[in-house]
*Asks:* 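Before we start, here is the structure in question, set down as structure tokens.
Counting starts at 1 for both ligands and their atoms, following the listed order. When a residue number appears, it is its place in the shown sequence, counting from 1.
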Amino acid sequence: MSTERLRTASGMRPTGPLHLGHYFGVLKNWVQLQHERESFFFVADWHALTSDFANTSQLRQNSLEMVKDWLSVGLDPEQCTIFEQSAVKEHAELSLLLSMITPVSWLERNPTYKEQQQQISDKDLSNTGFLCYPVLMAADILMYKPQGVPVGQDQLPHMELTREIARRFNSFYGEGTFPEPEALLTPAAKCPGLDGRKMSKSYNNGIFLRDAMDDVAQKVRGMFTDPARLRKSDPGNPDVCNLFPYHVLLSSDEERREICEGCRGATLGCVDCKKIFLKNLGAFLNPLQERRAHLDQHPELVMDVLASGCARARVRAAQTMEEVREKVGLLRIAGL
Ligand code: TRP
């Protein structure tokens, strides 16, 4: 058996500030994985461009802010490699080579592609970059030959395509070149938005990691609870309440038991239940926001993290590409 550590790689598009859904859905998993596997986490800025090419005014800022969010939740640049996709050009080269072996029909029938083309009407998604999104993603992943990739549920079709592309590459150019990576899903974290729909920037229903506590308090006050419970004297049902999943994530077992009993027994009102949530959310967000304030004061720290992370990622990427160019049969010129 090999003694090499297991590897993992994952990315996020820099589309805006991260919220609790990002944290409990994916980031928490990243933070844990960094201690267990050799980990590569990157800002997928080229992927952001596939759909947001028409207005890039926020892109640079979003990339930096996202890395600050990562560091504030506990990604540790000593434990994992944090980098920017566009700074490691090998991703583009591998994506190009993978595009040679990827049938257009695989991309056109990708459910995410079809869905987004239909649902997103305020952007023009007829560009080739958007169609080829999964090819670039496959390149991002396969570059580091990870056994597992921590992603949200919504990325499963892309993971399937990555495996298909790996298989096809291997069959043309050498079995075993790219291991087929598994999706590593976070065990079902439910994170409803303020209005009960999935927490999402586009629904404007999120609690963001960097929200000031006053804003958080106001958002929590407006959160929907059990719609059938109008007064404290009405018994409530935690199973249909939007707040309760957060007690599962943030409250102690004992608090959770008391909340359940008090809600069903009509002795604990939604206002008090929200107070407990707010206390626990504050305890979670405070240390995170302290770290963030430090990074806001020292933006050079973020640049240092990216600089050393990109250098490390490049070493790995260069190794993979040496092998890939050789296997694909490209002419190798000595000394270049
Ligand atoms: N598609 C991912 C998302 O929207 C971002 C991403 C790009 C990614 N490349 C990746 C995720 C590689 C995992 C691995 O969240």
Side-chain angles (χ1 to χ4, degrees), residues 7-19 21-30 33-34 37-52 59 62-63 66-67 69-70 75 80-95 98-99 102 107 110-113 115-117 119-120 123 125 129-166 178-186 189 191 198-202 206 309 313 316-317 320:
R7 270 182 310 278
T8 190
S10 192
M12 262 186 216
R13 283 171 300 142
T15 51
L18 301 183
H19 52 59
H22 292 114
Y23 177 75
F24 288 109
V26 180
L27 264 184
K28 195 177 168 195
N29 212 1
W30 288 18
L33 280 166
Q34 70 180 338
R37 302 189 180 204
E38 185 184 359
S39 304
F40 295 88
F41 299 123
F42 57 90
V43 178
D45 52 356
W46 278 333
H47 274 110
L49 285 173
T50 63
S51 53
D52 293 345
L59 182 57
N62 283 346
S63 296
M66 188 167 73
V67 174
D69 278 338
W70 291 357
L75 273 196
C80 65
T81 298
I82 297 172
F83 67 101
E84 184 193 14
Q85 179 190 39
S86 68
V88 183
K89 314 292 181 220
E90 285 84 353
H91 287 231
E93 185 184 358
L94 185 55
S95 178
L98 297 179
S99 78
T102 306
L107 301 173
N110 170 18
T112 313
Y113 177 72
E115 213 176 271
Q116 299 208 344
Q117 278 236 323
Q119 284 177 10
I120 300 179
K123 289 178 201 161
L125 297 177
F130 187 68
L131 177 67
C132 295
Y133 185 113
V135 181
L136 179 58
M137 181 159 159
D140 296 338
I141 295 170
L142 298 177
M143 187 71 80
Y144 303 95
K145 303 189 180 186
Q147 294 79 6
V149 179
V151 284
Q153 193 89 27
D154 58 319
Q155 298 297 308
L156 292 180
H158 290 140
M159 288 305 303
E160 191 52 44
L161 264 168
T162 297
R163 279 193 294 274
E164 282 172 321
I165 292 172
F178 291 123
E180 288 179 37
E182 303 284 348
L184 304 173
L185 296 173
T186 315
C191 263
K198 182 183 166 183
M199 191 174 281
S200 157
K201 191 178 65 124
S202 45
R316 229 359 133 107
T320 301

*Asks:* Give a yes or no on whether a salt bridge exists between Arg316 and Glu38, defined as a side-chain N under 4.0 angstrom from a carboxylate O.
*Replies:* yes
*Asks:* For the residue pair His158 and Tyr113, is the inter-centroid distance of their aromatic rings smaller than 6.0 Å?
*Replies:* no
*Asks:* Yes or no on side-chain contact (heavy atoms from CB on, under 4.5 Å) for Thr320 and Glu90, after CA distance, side-chain angles and deciding distance?
*Replies:* CA-CA 9 Å; Thr320 301; Glu90 285 84 353; over 6 Å; no
*Asks:* Can you list, by chain and residue number, every protein residue with a non-hydrogen atom closer than 4.0 Å to ligand 1?
*Replies:*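 Its neighbours under 4.0 Å (heavy atoms only) are Ser10, Gly11, Arg13, Phe42, Ala44, His47, Tyr133, Met137, Asp140, Ile141, Val149, Val151, Gln155, given by chain and number.
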*Asks:* Hey, what's the ring geometry for Trp30 with Trp70, parallel, tilted or perpendicular (30° and 60° as the breaks)?
*Replies:* perpendicular
*Asks:* To check you understand the geometry: which heavy-atom pair defines the closest contact between Arg37 and Arg7, and what is its length?
*Replies:*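 For Arg37 and Arg7, the tightest heavy-atom pair comes out as NH1-O, 3.6 Å.
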*Asks:* Could you give me the CA-CA distance, side-chain angles and deciding distance for Phe41 and Met12, then say whether side-chain contact (heavy atoms from CB on, under 4.5 Å) is met?
*Replies:* CA-CA 8 Å; Phe41 299 123; Met12 262 186 216; over 6 Å; no
